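We number each residue from 1, following the sequence as shown. Keep in mind that what you see is a predicted model, and the values were worked out from it rather than measured. Every number for a ligand or one of its atoms is a count from 1 in the order of the listing.
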Amino acid sequence: MSLLPSPILSSRRRSFRRDTPNPSLLNADFLFGRARITNLGVIILSALASLSFLYNLAFIFSPTPTIPNPYRTHDSLAGYEAQQSILSTINRTEEAEQLSHLIIVPGHAIWTGVWAEQTLDEDYWVLEDYQRGHSAARLSAFVSHITRGAELALGDQRSLLVFSGGQTRIGSTTTEAESYMRLALTTNVFLSASSTPSTRDEIPFSRATTENYALDSFENLLFSIARFHEYTGRYPKQITVVGYEMKRRRFTELHRAAIRWSEARFGYVGIDPVGEGGAKALEGEFQNGYMPYTVDTYGCHDYLLQKRRLRNVFARFHSYFSSSPELGGLLSWCPGGVGESMTKIYEGPLPWDILGEYIV
Ligand SMILES: *[C@@H]1O[C@H](CO)[C@@H](O)[C@H](O)[C@H]1NC(C)=O
């Protein structure tokens with residue numbers, strides 16, 4: 001509307017031009033004349049609309065989405081406002097802001113039990129088919145991961161224990177991580193005075209929390225760092241993973257290197273199921289875990305992507321692009337375009353570059 005002059009203005013202009021009959025102004029007269037002004041407006045508006053339409057088309061059909069600059073905190077005003085509305089609800093404790101050691105316990109299944117007696121009972125676990133059979137040893141390994149993680153957390157006042165794993169099974173109402181946390185509290189691994197707090201506002205153990213979105217081991221590692229950042233407002237200096245011994249190589253050689261985390265600041269505590277089925281499980285991990293990650297470092301193609309897709313049964317979106325915008329580049333890094341290797345290590349800036357001696 002502002003493109004169209006008011007009738008008074010245009011009639012004044014017209015009379016002025018009529019008084020000065022300059023031939024070169026005839027064209028302008030045609031465009032600015034009172035009857036024609038609408039034509040000019042329509043032409044300008046149509047041109048703008050076409051440009052805008054073409055721009056949108058280009059945006060919608062652009063083959064490669066732009067990777068957000070990890071040093072730019074907010075990619076749009078809308079994103080900034082959305083983030084502010086969440087940030088305004090966050091009031092971290094002083095204790096949380098002092099933490100520097102991230103202890104990760106990756107989940108492997110979902111516990112549905114309520115009582116401590118149900119922790120080693122297959123009926124109270126949502127398991128994959130391949131996890132059934134020899135389940136007693138397997139379940140006791142899961143429980144050992146939880147208790148060992150808790151022991152480590154109790155032994156280091158600067159640590160935050162993060163149980164990590166999404167709602168990966170259709171038969172469950174909670175995430176893997178939440179079920180591990182529930183198991184931990186039920187079996188009183190934090191040795192708190194009471195495992196079930198007497199009042200609602202009492203946190204049983206403030207240095208343990210859940211990461212509810214990871215769909216595989218690589219995401220256990222990366223998302224737990226992002227979750228640590230949500231909880232403490234900072235990135236960890238030290239990471240310890242408590243998991244299967246048979247996954248040690250995958251974590252220490254592949255996942256750690258993929259996120260350019262220093263070897264010197266990375267620990268791995270391995271606990272495998274004891275007894276039968278060990279050799280078969282080891283072979284399974286090598287064929288279905290380690291090997292695929294040697295050719296697809298970020299687990300974002302074909303076989304590994306399909307695994308994640310099958311585990312995201314409730315179509316969940318994680319929160320880490322908004323809570324850890326400086327990890328945006330790494331979170332969306334998926335090499336393997338035309339002429340590019342799927343093992344190309346992410347080279348953008350990372351918050352832990354300044355701490356590390358590990359540089360690719
Ligand atoms: C944040 O929490 C602390 C207690 O941990 C409290 O003293 C403080 O008033 C809270 N701040 C706001 C803005 O609510």
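Atoms OH and CZ, on Y290 and R249 in that order, are 3.5 Å from each other to the nearest 0.5 Å.
With 3.5 Å as the limit, one finds a donor-acceptor pair spanning the side chains of T209 and R227.
There is a protein heavy atom closer than 4.0 angstrom to atom 3 (C) of ligand 1. Distance check on atom 12 (C) of ligand 1: some protein heavy atom falls below the 4.0 Å cut-off. For atom 9 (O) of ligand 1, no protein non-hydrogen atom is found at a distance below 4.0 Å.
Look at D353 and R260 and you find a salt bridge, because one of the NZ, NE, NH1 or NH2 atoms lies within 4.0 Å of a carboxylate O, short of that distance.
In terms of N/O distances under 3.5 Å, ligand 1 is approached by N91.
Centroid-to-centroid, the aromatic rings of H108 and Y244 come within less than 6.0 Å.
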